[in-house]
Each structure stands twice: as structure tokens, then as C-alpha cells.
Peer 1: 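Next up is a structure, given as C-alpha cells.
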Amino acid sequence: MTASYLMHAYSRQAISFERGLGARLWDSEGREYLDAIAGVAVTNLGHAHPEIAAAIADQASRLIHTSNLFGIEWQEQLGARLCALAGMDKAFFCNSGAEANETALKLARLHAQRRGIAQPLVVVMDNSFHGRTFATLAASGNPAVHQGFAPLMPGFIRVPFNDMAALRQCAEEHPDIVAVLLEPVQGEGGVHVADPAYLQQLRALCDVRGWLMMMDEIQTGLGRTGEWFGFNHAGITPDVITLAKALGNGVPIGACLARGDAAALFLPGNHGSTFGGNPLACRVGCCVLDISEREQLPQRARRSGERLLSGLQARLAGHPGVRGVRGHGLMVAIEMTKPCTPLVERALRTEALLINVTRERTVRLLPPLICTPVQIDQIVERLSRLILRWLADEATTERSAQAATAELAGG
Ligand SMILES: *Cc1c(COP(=O)(O)O)cnc(C)c1O
């Protein structure tokens with residue numbers, strides 16, 4: 001490859017794709033791949049969906065952008081539909097996940113101001129991921145994303161995930177807490193699910209204390225976990241939720257939804273986005289909802305997720321080198337006992353399979369929700385073969401290293 005003019009912000013695979021269809025992709029050499037990450041939980045309806053392609057083409061030929069100085073009918077429609085699905089009252093549209101969380105965090109500040117709290121704190125979780133902007137990286141519980149960006153934005157206090165006692169103690173110690181922000185399933189953190197009982201107790205604590213319960217549904221929202229939203233598994237309703245990834249199936253769009261008092265905090269001048277909620281992105285969002293509702297994608301994700309998880313557990317669970325196989329809907333993780341990032345390149349090369357490794361030791365799968373049972377079985381076959389072969393090769397390498405050391409010591 002010739003020298004790149006792109007900043008070295010990513011470590012990329014050498015492959016680039018030219019075309020996709022459903023859960024399949026083709027590279028520039030014409031080789032076919034199976035996509036088990038969906039652009040990191042974005043293309044949930046698969047690549048090149050004909051209805052979405054048609055909606056984009058039609059809207060592009062009518063109107064792409066007018067700005068939020070004017071009414072936008074598709075934005076009204078998408079806002080109404082999302083609020084109905086999520087049990088929320090009002091929506092604000094932006095262009096990414098981080099921006100959606102910035103919106104939620106600004107709501108928390110206005111909520112604090114209303115309550116006369118000058119130095120408000122937002123509770124966030126260990127191991128969380130909320131984005132890469134200054135506020136969202138400070139909210140994220142991963143030292144690696146903080147590295148090099150001090151001083152971090154203040155106003156966050158961190159607690160262990162799924163630990164109600166720690167949260168209660170935190171509440172006692174810090175009277176200036178105004179909100180809590182968390183993911184229903186920590187995705188980047190390695191697929192760790194919030195216990196329904198934890199979310200229920202957290203909801204009650206937020207009610208008692210007057211905190212906003214804010215849930216980052218950017219990766220989990222719109223069917224991924226087997227329900228429309230991750231919080232549905234606990235039967236609770238947050239005050240604020242954020243969405244992005246799957247909402248545009250690849251067309252950039254983010255949203256922050258709120259209910260009750262939180263929905264009325266913004267007044268003209270408080271917040272804005274030039275591109276946010278443009279007719280093109282919002283029409284695509286409506287199209288994504290049409291298809292997801294018609295095809296019952298949450299139910300489908302639940303069934304496919306069970307098939308994927310049980311297939312992988314049958315082949316990999318208990319194997320030395322595999323610490324655990326877990327999942328929630330169509331978010332599945334295989335935690336290894338040691339770093340396994342080389343698996344990503346090897347999966348592409350030897351199995352024509354797209355996978356992701358997060359936190360160095362966790363293979364993460366986020367297949368498109370439209371995957372067929374046959375494709376789910378293909379993922380199981382290819383991935384378990386890949387992992388078992390890699391573990392065998394690693395063991396061989398280790399044995400020969402030990403033999404060499406022994407020989408040196410003996411000689
Ligand atoms: C991806 C993600 C984000 C950040 O979204 P961007 O669109 O990359 O800014 C935030 N929170 C969660 C849970 C995510 O998965």
C-alpha cells in the first residue's frame with residue numbers, strides 16, 4: 001500500500017470492501033465474506049437493503065437538507081415513532097452516538113441548574129463506553145480512551161457496574177449527584193449485562209433522589225438485545241435514552257429521547273446541530289423502523305442470538321483457553337484466557353469472517369439482525385474452528401518455546 005494521507009487514528013485491516021448484500025460482503029478481489037459485526041452494530045438490516053437504498057435515492061432527489069431553522073416533516077415523524085416505541089415524550093436529533101450522549105449530559109446540567117446545584121455530578125460505570133468527545137470520554141470507564149487527554153472534564157463519579165451497594169454509598173457521600181448514565185449491556189466493555197433487579201433498584205433510587213436515569217442504548221437499541229431497547233428486559237422506563245448506531249443502518253444519525261420534566265429542559269438557544277435530523281437521515285430512520293417492525297427484528301434477534309450462543313457454547317465452553325461464552329440477544333462474546341486480537345486478521349484470511357475483539361481478550365459478535373439461521377450456523381462453524389485451531393497453534397508454539405528453553409538450560 002502507498003503512504004496514506006489519513007491520520008493514524010485506527011489500526012486497520014489491509015482488506016477493503018467494495019460491495020455488500022445482507023450479511024455478506026465482497027472485497028476488491030471479489031472474495032466473499034460473512035459479516036458478524038455489522039459495522040459495529042450499525043447495519044442491523046444488512047448491507048444494500050433495497051428499501052433503504054430506494055428511500056435514500058428518492059429523498060436525495062427531493063431534499064437532503066434545509067437546517068433546523070425550518071420545520072422538517074420526516075424529523076417530526078421519526079421523533080413521534082421513536083417516542084412511542086420507547087415510552088418517551090420528546091426527541092432531539094444529532095449525527096452520532098457521542099453527540100447523543102453529549103445531549104443527555106447537557107440535559108443533566110440543566111436539570112442540576114433547576115435544582116440549584118452548582119457543581120453537579122453524573123454517576124457513570126466502570127468499564128463503560130460512551131464516546132470520544134471530551135465529555136463522553138470522561139464519562140467512559142476505560143483508562144485507555146483517557147490516555148493523553150488530561151485534564152479530563154470534571155463532573156463524573158464512577159462506580160462498579162451492577163453493584164447497588166456501591167451506588168447507595170455513593171449517593172450518601174455525594175449530595176450533588178443529579179443523574180446516572182449507563183449502558184444496559186456494556187458492549188465495548190465486553191458484553192456485560194445489567195441485572196434486571198439492578199436496573200429496577202436504580203430506577204427506584206433515581207425516583208427517590210430526583211436523579212435522571214439516563215440509558216445509553218446506542219449499541220443495544222432497536223432490537224439488538226431481543227427487545228426494542230435494553231431497558232425493556234427490566235420492565236422499567238428511564239428518563240433519558242440515547243440512540244445512534246442502528247438508527248440509520250449506516251446513514252449517520254443520533255437521537256436523545258427524554259420524558260417528563262427532562263423532555264422540557266431545552267429552550268431555543270440551549271442546544272443545536274447543523275446536520276442533526278435532516279430530511280435524508282430521518283427518512284432513513286423511519287424506513288429502518290418500518291422494516292424492523294414488519295420483520296419483527298427484536299424477536300428475530302432473540303431467536304438468532306439463542307441459536308448463536310448455544311452453538312458456540314456447545315463447541316467452545318469449558319475448553320482450556322476459553323474463559324466463558326455469554327450473550328444477550330444478538331450480542332455475543334467469547335472471553336479468552338489471554339489476549340486474542342490476532343484472531344481478527346486470521347478470521348478474515350482463513351474463514352472469510354468479520355469479527356471483533358474488544359478489551360484484548362473478548363471476541364465480540366454483532367451480526368446483522370436479518371441473518372438467516374443458515375448464516376448463524378456458518379458463523380458458529382467458522383468461528384469455533386478458527387478459535388480451536390488458534391488455541392492448538394498457540395499451544396504448539398508454547399511447547400516449542402519451552403523445549404528451546406529447556407535445551408538451553410540443559411546444554
Ligand atoms: C458506539 C457507541 C458510542 C459512540 O458512538 P459514536 O457514533 O461512535 O460517537 C457511545 N455509546 C455506546 C454504548 C456505543 O456503543
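Note that the structure is a prediction, hence the values are computed from the model and not measured. Start at 1 and go down the list; that is how both ligands and their atoms are numbered.
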Peer 1: Yes or no, since that's all I need: does a protein heavy atom fall within a distance strictly under 4.0 Å of atom 8 (O) of ligand 1?
Peer 2: no
Peer 1: Give the atoms of ligand 1, by number and element, whose distance to some non-hydrogen atom of His130 is under 4.0 Å.
Peer 2: 10 (C), 11 (N)
Peer 1: Are any of the N/O atoms on Ala98, whether in the backbone or the side chain, positioned under 3.5 angstrom from an N/O atom of ligand 1?
Peer 2: yes
Peer 1: Taking atom CZ of Phe156 and atom CG of Leu181, what is their separation to the nearest 0.5 Å?
Peer 2: 7.5 Å
Peer 1: Which atoms of ligand 1 are found less than 4.0 Å from any heavy atom of Asn101?
Peer 2: 10 (C), 11 (N)
Peer 1: Are the side chain of His146 and the backbone of Ser140 linked by a donor-acceptor contact shorter than 3.5 Å?
Peer 2: yes
Peer 1: Checking Asp216 against His130: is there a side-chain donor and acceptor pair closer than 3.5 Å?
Peer 2: yes
Peer 1: Among all protein heavy atoms in this structure, tell me which lies nearest to atom 14 (C) of ligand 1, with the distance rounded to 0.1 Å.
Peer 2: Lys245 NZ, 2.9 Å
Peer 1: What part of Glu183, side chain, backbone, both or neither, has a heavy atom within less than 4.0 angstrom of ligand 1?
Peer 2: side chain
Peer 1: Distance to 0.1 Å, residue and atom name: give those for the protein heavy atom nearest to atom 11 (N) of ligand 1.
Peer 2: Asp216 OD2, 2.7 Å
Peer 1: I'd like to know if Arg364 and Glu188 make a salt bridge, using a cut-off of under 4.0 Å between side-chain N and carboxylate O.
Peer 2: yes
Peer 1: I'd like to check whether Gly97 has a polar contact with ligand 1, where a contact means an N/O of the residue lying under 3.5 Å from an N/O of the ligand.
Peer 2: yes
Peer 1: Are more than 12 heavy atoms from other residues, nucleotides or ligands located less than 6.0 Å from atom CZ of Phe17?
Peer 2: yes
Peer 1: So, do Thr242 and Met214 sit near enough that their side-chain heavy atoms are less than 4.5 Å apart?
Peer 2: no
Peer 1: Under 3.5 Å between some N or O of ligand 1 and some N or O of Phe129?
Peer 2: yes
Peer 1: How are the rings of Phe134 and Phe149 set relative to one another: parallel (under 30°), tilted (30 to 60°) or perpendicular (over 60°)?
Peer 2: perpendicular
Peer 1: Glu99 to ligand 1: N or O pair under 3.5 Å?
Peer 2: no
